[in-house]
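Let me begin by presenting the structure, written as structure tokens, before commenting on it.
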Amino acid sequence: MIFDSTVPDLDIDGIYPRQDLSNILFADAREQLPETSPTPKGHVFTIFASVDSDHTGYEITPRSRTGYIIFLNNSPIYWFSKKHGGIDTSSIRSEFIAMKQYCEYIRGIQFKLMILGIPVSSYVYGDN
């Protein structure tokens, strides 16, 4: 085995040309709605949420706490806060858990509003 400290000069773009595959793969991606659902009408409802987590915030029991609050057209409709049973090893894991819980809940709200014929757009704000 030979270790060489020089960087090889490879032309990767010539071998694998760069392509933007997002237009090819996801161009026709749409939410599947039942055929009997009404067409969206009226103003778009805006859902936005603030997601945050606290990694070992309390020194006596260093457990993580995650939470989020969901607003529908600037009115709070749901909030969630949970102290985890175990100790997380990083704040990234705590933030990911909070974002995952938000995404699971918001998918249900979006689907219910779209079934009623209400157009929806959603945004999420996080600190990481």
Side-chain angles (χ1 to χ4, degrees):
M1 189 178 275
I2 300 172
F3 293 103
D4 189 7
S5 62
T6 60
V7 178
D9 184 25
L10 299 175
D11 183 21
I12 296 177
D13 289 333
I15 299 171
Y16 302 106
R18 296 179 190 258
Q19 296 178 3
D20 183 20
L21 298 177
S22 61
N23 292 334
I24 298 169
L25 298 176
F26 306 113
D28 297 328
R30 298 284 183 252
E31 185 76 30
Q32 292 291 334
L33 293 174
E35 296 175 5
T36 59
S37 65
T39 58
K41 296 179 181 177
H43 296 288
V44 176
F45 276 36
T46 304
I47 297 175
F48 69 93
S50 178
V51 178
D52 197 12
S53 70
D54 184 18
H55 172 65
T56 64
Y58 189 54
E59 295 170 357
I60 295 173
T61 59
R63 296 187 297 181
S64 298
R65 180 179 294 274
T66 60
Y68 56 87
I69 184 166
I70 297 176
F71 296 89
L72 179 64
N73 286 349
N74 296 329
S75 298
I77 59 169
Y78 186 77
W79 67 274
F80 177 81
S81 177
K82 180 181 179 183
K83 184 185 280 188
H84 295 280
I87 299 172
D88 289 335
T89 57
S90 69
S91 63
I92 295 172
R93 184 173 187 272
S94 301
E95 294 283 340
F96 182 77
I97 289 172
M99 189 68 68
K100 180 180 115 5
Q101 290 171 343
Y102 159 76
C103 290
E104 289 172 352
Y105 185 78
I106 201 68
R107 294 282 294 169
I109 291 177
Q110 286 178 335
F111 188 76
K112 289 172 189 169
L113 290 174
M114 286 190 291
I115 288 293
L116 294 172
I118 300 171
V120 179
S121 66
S122 62
Y123 304 94
V124 62
Y125 302 102
D127 60 353
N128 283 346

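Since we're looking at a predicted model, the values are computed, not measured.
- Criterion: ILVMFWY side-chain heavy atoms under 4.5 Å apart, direct or through other members. Under it, Met114 and Phe48 are not part of a common hydrophobic cluster.
- With Asn73 contributing its side chain and Thr46 its backbone, the two residues share a donor-acceptor pair below 3.5 Å.
- Connection of Phe71 to Phe45 is not established within any shared hydrophobic cluster, with ILVMFWY side chains joined at heavy-atom distances below 4.5 Å, either directly or through further cluster members.
- No close placement of the Phe80 and Tyr105 rings is indicated, their centers lying 6.0 Å or farther apart.
- How far CD of Gln101 is from OG1 of Thr66: 4.5 Å, rounded to the nearest 0.5 Å.
- Hydrophobic clustering (side-chain heavy atoms under 4.5 Å, transitive across Ile, Leu, Val, Met, Phe, Trp, Tyr) groups Leu116 together with Val120.
- Within 6.0 Å of the CZ atom in Phe96, the count of heavy atoms belonging to other residues, nucleotides or ligands does not exceed 12.
- We find the CD1-CD1 distance between Ile109 and Ile118 to be 12.0 Å, quoted to the nearest 0.5 Å.
- Between atom NZ of residue Lys82 and atom OG of residue Ser53 there is a gap of 13.5 Å, rounded to the nearest 0.5 Å.
- Between Tyr78 and Tyr68, the ring planes lie tilted relative to each other; the angle falls in the 30° to 60° range.
- Under the 4.5 Å side-chain heavy-atom criterion for ILVMFWY residues, a single connected hydrophobic cluster contains both Ile69 and Tyr123.
- Across all their heavy atoms, Ile70 and Ala49 have their closest contact at CG1-CB, 4.0 Å.
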Criterion side chain to side chain contact (heavy atoms under 4.5 Å, CB included) on Tyr125 and Val51, from CA distance to verdict: CA-CA 6 Å; Tyr125 302 102; Val51 178; over 6 Å; no

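- Nearest heavy atoms, Pro119 versus His43: CG-O, 3.7 Å.
- The distance from the CG atom of Leu72 to the CD1 atom of Ile77 is 5.0 Å, given to the nearest 0.5 Å.
- Residues Met99 and Trp79 do not share a hydrophobic cluster, defined by chaining ILVMFWY side chains whose heavy atoms lie under 4.5 Å apart.
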